[in-house]
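These numbers come from a predicted model, not from an experiment.
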Amino acid sequence: KSDRIVKWLKGLDLKSFDAAIVSMALLAYGGLVASREYQISEQTALKRLEVLRELKKKAPRMKIYAQSVIMRIAPTGGGKYESYRSQLAEWGVVSVGKDEASRTKTKRLEQEIPAGMLSDYMQARKRDLAVDLYAVNLTKAGVIDYLLVSQDDAHPQGVHVADREKIIAHVKETGTEGKIAVQPGADEVSMLLLARVLNDKYHYSPAVQVVYSSDKMSHEVMPFEDKPLSVTVADQIASTGARETDNGSKADIFFFV
């Protein structure tokens with residue numbers, strides 16, 4: 001699937017395009033679901049991403065907005081992972097714990113989960129992190145104009161946190177902070193990037209006032225998230241190129257949550 005998409009992209013004349021919105025997961029593995037499984041090697045995944053350099057060379061005025069995803073805690077349901085999906089998700093959370101209870105749970109889970117399956121899970125995480133870091137490098141090289149690295153379904157604690165911190169550190173090392181956002185999300189990110197494309201094209205940065213139905217809930221971490229709701233909302237607004245305001249009289253948009 002990915003190789004056919006790469007071939008199709010190479011055959012397009014993109015010189016008249018203003019922008020392209022790219023899913024790194026689709027290019028590298030065949031999609032978001034495939035990114036949670038270890039069926040594609042790291043070497044193959046990274047090789048497929050080289051098409052972006054070719055596209056930028058052929059259409060230098062076309063801006064590339066890309067999404068790369070930090071693998072979520074649980075693998076996709078169904079297939080070989082189905083019988084051990086909950087155990088893998090629990091392992092992903094407790095295995096980073098330093099207390100005795102976490103170590104005991106981790107040991108029990110590692111006895112329950114087949115070694116090959118746990119190895120596949122960790123290999124998929126390692127490969128996905130390599131793709132995320134390479135996406136940062138492509139941004140540093142000017143191939144990608146704006147990159148959104150999003151955290152798929154997660155938890156405040158877990159193996160994904162170390163992945164995210166490595167990406168944030170690499171962003172700082174490469175000096176690409178202004179061109180890269182690291183935040184929660186997955187399914188909605190392409191639409192956030194589309195909003196950013198339009199805001200960039202028309203040099204528009206709307207002021208958004210957020211109105212929560214519950215101030216208490218705005219400070220809580222929602223299911224499948226790793227940050228408080230208010231932080232997630234603020235991140236999503238910023239990633240579109242919009243800005244938050246507390247002054248209703250200056251707001252272009254009221255966003256009810």
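- A donor-acceptor contact shorter than 3.5 Å links the side chain of Arg196 to the backbone of Ser239.
- Within 6.0 Å of OH in Tyr202 there are 12 or fewer heavy atoms belonging to other residues, nucleotides or ligands.
- Distance alone, capped at 3.5 Å, places no donor-acceptor pair between the Lys15 side chain and the Ala59 backbone.
- Residues satisfying the side-chain contact (heavy atoms from CB on, under 4.5 Å) criterion with Gln43, sequence neighbours excluded, are Ser41.
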- Check step by step if side-chain contact (heavy atoms from CB on, under 4.5 Å) holds for Phe17 and Leu12. CA-CA 11 Å; Phe17 283 62; Leu12 295 176; over 6 Å; no
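- Here the closest non-hydrogen pair linking Leu27 and Arg48 is O-CD, 3.3 Å.
- For the salt bridge (charged side-chain N to carboxylate O under 4.0 Å, His left out) test, residues two or more places apart in sequence or in another chain that qualify with Glu112 are Arg108.
- For the pair Ile73 and Asp153, the minimum side-chain heavy-atom distance is 4.5 Å or more.
- For residues 242-257, there are no salt bridge (Lys or Arg N to Asp or Glu O under 4.0 Å) pairs, not counting sequence neighbours.
- Under the 4.5 Å side-chain heavy-atom criterion for ILVMFWY residues, no single connected hydrophobic cluster contains both Leu32 and Val189.
- The closest donor-acceptor contact from the side chain of Thr106 to the backbone of Ser102 lies under 3.5 Å.
- Note on Ile237 and Met222: same hydrophobic cluster, where clusters join Ile, Leu, Val, Met, Phe, Trp and Tyr whose side-chain heavy atoms are under 4.5 Å apart, directly or indirectly.
- Listed by chain and number, the residues in a side chain to side chain donor-acceptor pair (under 3.5 Å) with Lys47 amount to none (sequence neighbours excluded).
- Remark: Lys58 NZ is packed, more than 12 non-hydrogen atoms of other residues, nucleotides or ligands lying under 6.0 Å away.
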- Task: Check the pair Glu54, Lys57 against salt bridge (charged side-chain N to carboxylate O under 4.0 Å, His left out), reporting the backbone distance first and the verdict last.
- Result: CA-CA 5 Å; Glu54 188 174 329; Lys57 190 173 181 180; over 6 Å; no
- Item | Full working for salt bridge (charged side-chain N to carboxylate O under 4.0 Å, His left out) between Arg127 and Asp120 | CA-CA 10 Å; Arg127 177 206 59 200; Asp120 277 2; over 6 Å; no
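- Side chains of Tyr29 and Val131 form a contact here, defined as non-hydrogen atoms less than 4.5 Å apart.
- Placement of Val22 and Tyr65 in two distinct hydrophobic clusters is found when ILVMFWY residues are connected by side-chain heavy-atom separations under 4.5 Å, directly or transitively.
- When the shell of 6.0 Å around OH of Tyr212 is examined, it contains more than 12 heavy atoms from other residues, nucleotides or ligands.
- With sequence neighbours left out, the side chain to side chain donor-acceptor pair (under 3.5 Å) criterion links Ser83 to no other residue.
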For residues 178-187, run the donor-acceptor check on the side chains, cut-off 3.5 Å, and write out each pair with its distance to 0.1 Å, sequence neighbours left out.
none

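- Connection of Val221 to Val159 is not established within any shared hydrophobic cluster, with ILVMFWY side chains joined at heavy-atom distances below 4.5 Å, either directly or through further cluster members.
- For Ser214, the side-chain contact (heavy atoms from CB on, under 4.5 Å) partners are Lys216, Met217, not counting sequence neighbours.
- Judged as a salt bridge (Lys or Arg N to Asp or Glu O under 4.0 Å), the pairs with a partner in residues 25-38 (not counting sequence neighbours) are, in order, Arg36-Asp152.
- Side chains of Ser249 and Asn247: a donor-acceptor N/O pair is present below 3.5 angstrom, by distance only.
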Can I get a per-line list of side-chain donor-acceptor pairs under 3.5 Å for residues 88-98, giving both atom names and the distance, sequence neighbours left out?
{"unit_1": "Trp91", "atom_1": "NE1", "unit_2": "Glu110", "atom_2": "OE2", "d": "2.9"}
{"unit_1": "Ser95", "atom_1": "OG", "unit_2": "Trp91", "atom_2": "O", "d": "2.7"}

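- A cation-pi arrangement, defined by a distance under 6.0 Å to the six-membered ring centre and an angle within 45 degrees of its axis, is absent between Arg125 and Tyr38.
- Looking only at side-chain heavy atoms (C-beta outward), Val257 and Ser213 stay at 4.5 Å or farther from each other.
- For Lys227, the salt bridge (charged side-chain N to carboxylate O under 4.0 Å, His left out) test picks out Asp235, with sequence neighbours left out.
- By the criterion of side-chain heavy atoms lying less than 4.5 angstrom apart, applied directly or through intervening Ile, Leu, Val, Met, Phe, Trp or Tyr residues, Leu109 is grouped together with Met122 in one hydrophobic cluster.
- By the side-chain contact (heavy atoms from CB on, under 4.5 Å) test, Asp215 pairs with Ser218, His219, sequence neighbours left out.
- Residues meeting the side-chain contact (heavy atoms from CB on, under 4.5 Å) test with Ala141, sequence neighbours left out: Arg53, Val143.
- The nearest pair of heavy atoms linking Pro75 to Tyr121 is CD-CE1, 4.1 Å.
- Between Ile40 and Ala45 the shortest heavy-atom distance is CG2-N, 4.0 Å.
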